[in-house]
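Next up is a structure, given as structure tokens.
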Amino acid sequence: MATRRYWLMKSEPDVYSIEDLKREQRCYWEGIRNYQARNFMRDAMQIDDLAFFYHSNAKPPGIVGVMRIVSEAYPDPTQFDPKSQYFDPKSEEKSPRWSMIDVAFVEQLPRQVTLNELRDSEDELQGLLAIRKGQRLSIQPVEADHFQVILGMGGSSLNPRRSS
């Protein structure tokens, strides 16, 4: 059996929020138009991996929940739809450029872990991509130890080191 991997996936809360995922329980994660983020989805993500749901472009930005990867990557149909904001006229159906995956709700964290809190915990979270200056990738890998630390910071029921 493959080792579980951990991720951070960003969404603007006015586009799609943790509350939307909680209500729907499962959704497809479309619209990724960065090759490195696409490659993470297509080549590295596996069913049952866990991902943080990160509210970007929010005040304050931060980690608000946990979701599970529930599908392998498959072609994102929005790349072929001229009416979609994610349309890519250079992508061809016989050789699609862009992928998406399905995710399922696991939990909304009892407390948001803000970007500033992540930065302030640099000793425990050294190397976390999300706190690197200029890091804007919408999908990022997260080390297992970092995932556990952040679960604790957010008071997650998934972490035995739960903070209050």
So, the side chain of R38 versus the backbone of R97: is there a donor-acceptor pair under 3.5 Å, distance only?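 Yes; judged by distance alone, with no hydrogens or angles, the pair exists.
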Please tell me whether W29 and Y86 are part of a single hydrophobic cluster in this structure, the criterion being side-chain heavy atoms less than 4.5 Å apart.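 W29 and Y86: separate clusters.
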Are the side chains of E72 and I47 in contact, using a 4.5 Å heavy-atom criterion? yes
Minimum-distance pair of heavy atoms, taken over all atoms of A44 and R5: O-NH1, 2.8 Å
I101 CD1 to D49 CG distance, which is reported to the nearest 0.5 Å: 9.5 Å
Could you measure the distance from the NZ atom of K10 to the OG atom of S56? Nearest 0.5 Å is fine. 6.5 Å
Find out whether Q140 and Y54 are in side-chain contact, i.e. whether some heavy atom of one side chain is under 4.5 Å from a heavy atom of the other.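 When only atoms from C-beta onward are counted, Y54 and Q140 do not touch, as no gap falls below 4.5 Å.
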Closest heavy-atom pair, Y74 versus D102, reported as atoms and distance to 0.1 Å, is OH-OD1, 2.5 Å
Do D76 and T78 have a side chain donor and acceptor closer than 3.5 Å? yes
Would you say M45 and L50 are hydrophobically clustered, going by side-chain heavy atoms of ILVMFWY under 4.5 Å? no
V142, V64: one ILVMFWY side-chain cluster at the under-4.5 Å cut-off?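 No; V64 is not reachable from V142 via cluster members.
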pair F80-P96: side-chain heavy atoms closer than 4.5 Å: yes
If you count every heavy atom of other residues, nucleotides or ligands that lies below 6.0 Å from Q126 atom CD, does the total exceed 12?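 Counting other residues, nucleotides and ligands, CD of Q126 stays at 12 neighbours or fewer.
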Test of understanding: clusters of I, L, V, M, F, W, Y form through side-chain heavy atoms closer than 4.5 Å, transitively. Do V149 and Y6 belong to the same one? yes
Y16 and its side chain to side chain donor-acceptor pair (under 3.5 Å) partner, picked from E30, E24, H55: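 Going through E30, E24, H55 one by one, the side chain to side chain donor-acceptor pair (under 3.5 Å) with Y16 is satisfied by E24 alone.
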Could you check whether any side-chain heavy atom of L128 comes within less than 4.5 Å of a side-chain heavy atom of I150, counting everything from C-beta outward? yes
Going by heavy atoms in the side chains, are V106 and F53 under 4.5 Å from each other? no
Closest contact, heavy atoms only, M153 versus S121: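 M153 and S121 have their closest heavy atoms at CE-OG, 3.4 Å.
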Is there any ring pair (Phe, Tyr, Trp, His ring centres under 6.0 Å) pair reaching into residues 97-122, and which pairs are they, with sequence neighbours excluded?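 As it turns out, the ring pair (Phe, Tyr, Trp, His ring centres under 6.0 Å) pairs with a partner in residues 97-122, which skip direct neighbours, are Y35-W98.
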Quick check, are the ring centers of F147 and F52 under 6.0 angstrom apart? yes
Sub-4.5 Å side-chain heavy-atom contact between V66 and L158: yes
Heavy atoms only: give me the nearest A130-L115 pair and the separation to one decimal.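 Here A130 and L115 meet closest at O-CD1, 3.6 Å.
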Do W7 and P141 touch side chain to side chain, with heavy atoms closer than 4.5 Å? yes
Is there a donor-acceptor pair under 3.5 Å between the side chain of E117 and the backbone N or O of G154? no
To the nearest 0.5 Å, tell me how far F87 CZ sits from K83 NZ.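 Going from the CZ atom of F87 to the NZ atom of K83 covers 11.5 Å.
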Is the shortest side-chain N to carboxylate O distance from D88 to R33 below 4.0 Å? no
Between D48 and R4, is any pair of side-chain heavy atoms under 4.5 Å apart?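 Side-chain contact under 4.5 Å: yes.
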Where is the tightest heavy-atom contact between M100 and P75, given as atom of each residue plus distance? CG-O, 4.3 Å
Specify the closest pair of heavy atoms between A51 and M9, including all atoms of both residues, with the distance to one decimal. CB-SD, 3.7 Å
Hey, any chance L8 and I131 share a hydrophobic cluster, counting ILVMFWY side chains that come within less than 4.5 Å of each other, even indirectly?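 Yes: a chain of side-chain contacts under 4.5 Å links L8 to I131.
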